[in-house]
Protein chains: 2
Amino acid sequence: MSTQQQAVKTSRREELLAIAAELFAQRGFRNTTVRDIADAAGILSGSLYHHFDSKESMVDEILDSFQTELFRKYEEVVSSDLGVRAKFEAIIRISFEAIHDNHSEVAIYQNDAAYLVEFDRFGYLNERNLRMRRIWVGLLEEGVRSGTFRPDLDAEVVYRFIRDTVWVAVRWYRPDGDLSAHDVAEQYLSILLDGIAARRRPIKKSG
Amino acid sequence: MSTQQQAVKTSRREELLAIAAELFAQRGFRNTTVRDIADAAGILSGSLYHHFDSKESMVDEILDSFQTELFRKYEEVVSSDLGVRAKFEAIIRISFEAIHDNHSEVAIYQNDAAYLVEFDRFGYLNERNLRMRRIWVGLLEEGVRSGTFRPDLDAEVVYRFIRDTVWVAVRWYRPDGDLSAHDVAEQYLSILLDGIAARRRPIKKSG
DNA sequence: GTCTATAGTAGGATAGAC
DNA sequence: GTCTATCCTACTATAGAC
């Protein structure tokens with residue numbers, strides 16, 4: 001949360017955060033002990049407290065810095081002069097790039113945010129959720145008005161559908177796997193926009 | 001896992017399991033203590049061990065009995081003489097009914113299965129995942145062959161998309177809320193099959 | 001079927017030496 | 001910046017009385 005140092009080069013602090021992030025992502029925040037983190041860093045658990053106040057401080061710094069950057073990208077798209085559909089596609093693509101580039105951070109958010117928001121310290125996660133919801137619902141409603149999106153769907157349900165569908169992919173997506181984030185994004189966009197049915201709403205089946 | 005009793009009427013055992021399931025669903029398995037469960041049941045933690053071997057036994061029994069029933073319903077649809085599209089819709093609807101009727105069990109599975117499968121005891125969860133994958137990919141490929149589904153999508157990606165999208169809804173769906181599982185299922189089916197775009201693959205925007 | 005009492009383990013965090 | 005040593009707390013599970 002706070003700017004501790006100049007942070008020009010990769011500090012020990014940042015090294016430790018990267019190690020912690022990977023462990024939190026793999027095992028979950030509660031299921032990762034400070035001893036696990038210290039072991040992975042090759043030091044003893046007590047030494048971690050020279051760098052951080054607490055285990056919570058670590059996950060806080062990890063999530064906050066990731067989200068700040070992510071929202072910057074979102075806002076850039078939203079405030080651009082792109083059309084609704086282009087904005088929609090850009091936000092989805094940015095999200096899959098985040099799953100690729102910041103896999104640990106996204107995994108931590110998906111697995112542990114529900115637990116963390118119970119603490120005051122992580123209230124900012126809720127605020128950003130709301131901001132995200134407003135961005136999406138606004139975009140969907142504008143798209144309906146402009147004839148880009150179907151008018152017969154509930155924007156709130158569609159928002160939850162898209163949000164969950166995109167981010168939950170962090171569970172199976174592997175940054176070093178054969179399937180690229182780009183390819184996944186294109187397939188997901190195609191399904192979200194056009195569906196998987198070969199033809200739309202067949203009235204009657206012929207066979 | 002084992003049939004302890006005749007189980008004709010709601011036994012104390014089943015009462016305790018229901019209490020545990022709700023707590024596991026709310027707080028997560030690891031974050032629920034045997035003391036929490038005992039407190040909620042109005043007894044002391046030691047007394048729980050008169051009914052169950054361990055905390056793991058409790059979650060085991062909860063998940064296994066739920067999944068057994070769910071798969072029975074799936075297999076019934078799969079082996080029916082319904083068409084591909086009707087089977088697809090039936091499986092989605094059964095899933096949302098499960099989210100409604102067995103909200104705790106689905107939530108536990110979504111939140112804790114990844115952790116539980118690390119233990120031999122919960123290996124059956126992996127087996128059922130594979131079975132589910134085979135059911136879905138088989139159905140999707142059959143649908144492509146019969147012209148029901150688009151041929152340009154990767155069945156594996158579509159399977160993951162659908163599976164995650166449906167089950168992750170347990171995070172926000174409330175069995176006692178205004179939005180019924182039926183309505184959610186219909187909207188999700190509509191998006192999955194036809195997408196949210198007003199028209200398919202517009203070549204050029206006119207406005 | 002529940003209680004009392006407790007064993008045994010593991011966790012987050014701290015103080016001060018090096 | 002790391003180590004040694006340790007405090008305090010909380011957890012799962014057990015043994016035997018009632």
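Because only heavy atoms are used, hydrogens play no part in the values below, and waters and symmetry mates are left out as well, while side chains stay in.
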Whole-Å distance between [N] [atom2] and [X] [atom1]?
| X | N | atom1 | atom2 | answer |
| --- | --- | --- | --- | --- |
| A:Lys55 | D:dT9 | NZ | P | 19 Å |
| B:Leu23 | D:dC11 | CG | P | 13 Å |
| B:Asp53 | D:dT12 | CG | P | 15 Å |
| B:Asn31 | C:dG11 | CG | P | 15 Å |
| A:Leu48 | D:dT4 | CG | P | 15 Å |
| A:Asp39 | C:dA10 | CG | C1' | 13 Å |
| A:Ile37 | C:dG12 | CD1 | P | 8 Å |
| B:Met58 | D:dC11 | CE | C1' | 16 Å |

Looking at B:Arg160 and A:Tyr188, what are the two nearest heavy atoms and their distance?
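That closest heavy-atom pairing would be C-OH, 4.2 Å.
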
For the residue pair A:Leu82 and A:Lys87, what are the closest heavy atoms and their distance?
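Looking at all heavy atoms of both residues, the closest pair is O-CE, 3.4 Å.
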
State whether B:Tyr124 and B:Arg128 meet the cation-pi test: NZ (Lys) or CZ (Arg) under 6.0 Å from the six-membered ring centroid, and within 45° of the perpendicular axis.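 No cation-pi geometry.
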
Q) From the list D:dT12, C:dA13, D:dG1, which nucleotide is the closest neighbour of the side chain of A:His51? A)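 Looking only at heavy atoms from C-beta outward on A:His51, the closest nucleotide is D:dG1.
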
Check your understanding: The side chain of B:Ile43 lies closest to which of these nucleotides: C:dG12, C:dC3, D:dA13?
Key ->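 Given the options C:dG12, C:dC3, D:dA13, the side chain of B:Ile43 is closest to C:dC3.
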
Short side-chain N/O contact from [X] to OP1 or OP2 of [N], under 4.0 Å:
| X | N | answer |
| --- | --- | --- |
| B:Ser47 | C:dC3 | yes |
| B:His50 | C:dG1 | yes |
| B:Arg30 | D:dC11 | no |
| A:Tyr49 | C:dA13 | yes |

Going by modelled atom types, is there a donor-acceptor pair between the base of C:dG12 and the side chain of A:Arg35 at under 3.5 Å?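 It does, because a donor-acceptor pair links the side chain of A:Arg35 to the base of C:dG12 below 3.5 Å.
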
Using ring centroids (six-membered ring only for Trp), state whether B:Trp136 and B:Phe88 fall under 6.0 Å.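 Centroid distance B:Phe88-B:Trp136: below 6.0 Å, so yes.
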
ask   = With a 4.0 Å cut-off on heavy atoms, is A:Leu44 in touch with a base, just the backbone sugar-phosphate, or nothing at all?
value =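 Base, at least one base atom sits under 4.0 Å.
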
- Is the count of non-hydrogen atoms from other residues, nucleotides or ligands lying under 6.0 Å from B:Glu22 atom CD greater than 12?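 Atom CD in B:Glu22 is not packed in, count stays at 12 or less.
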
Nearest heavy atom decides the nucleotide; on that basis, is A:Gly46 or A:Asp36 closer to the 5' end of DNA chain C?
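Comparing both residues, the 5'-ward one is A:Asp36.
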
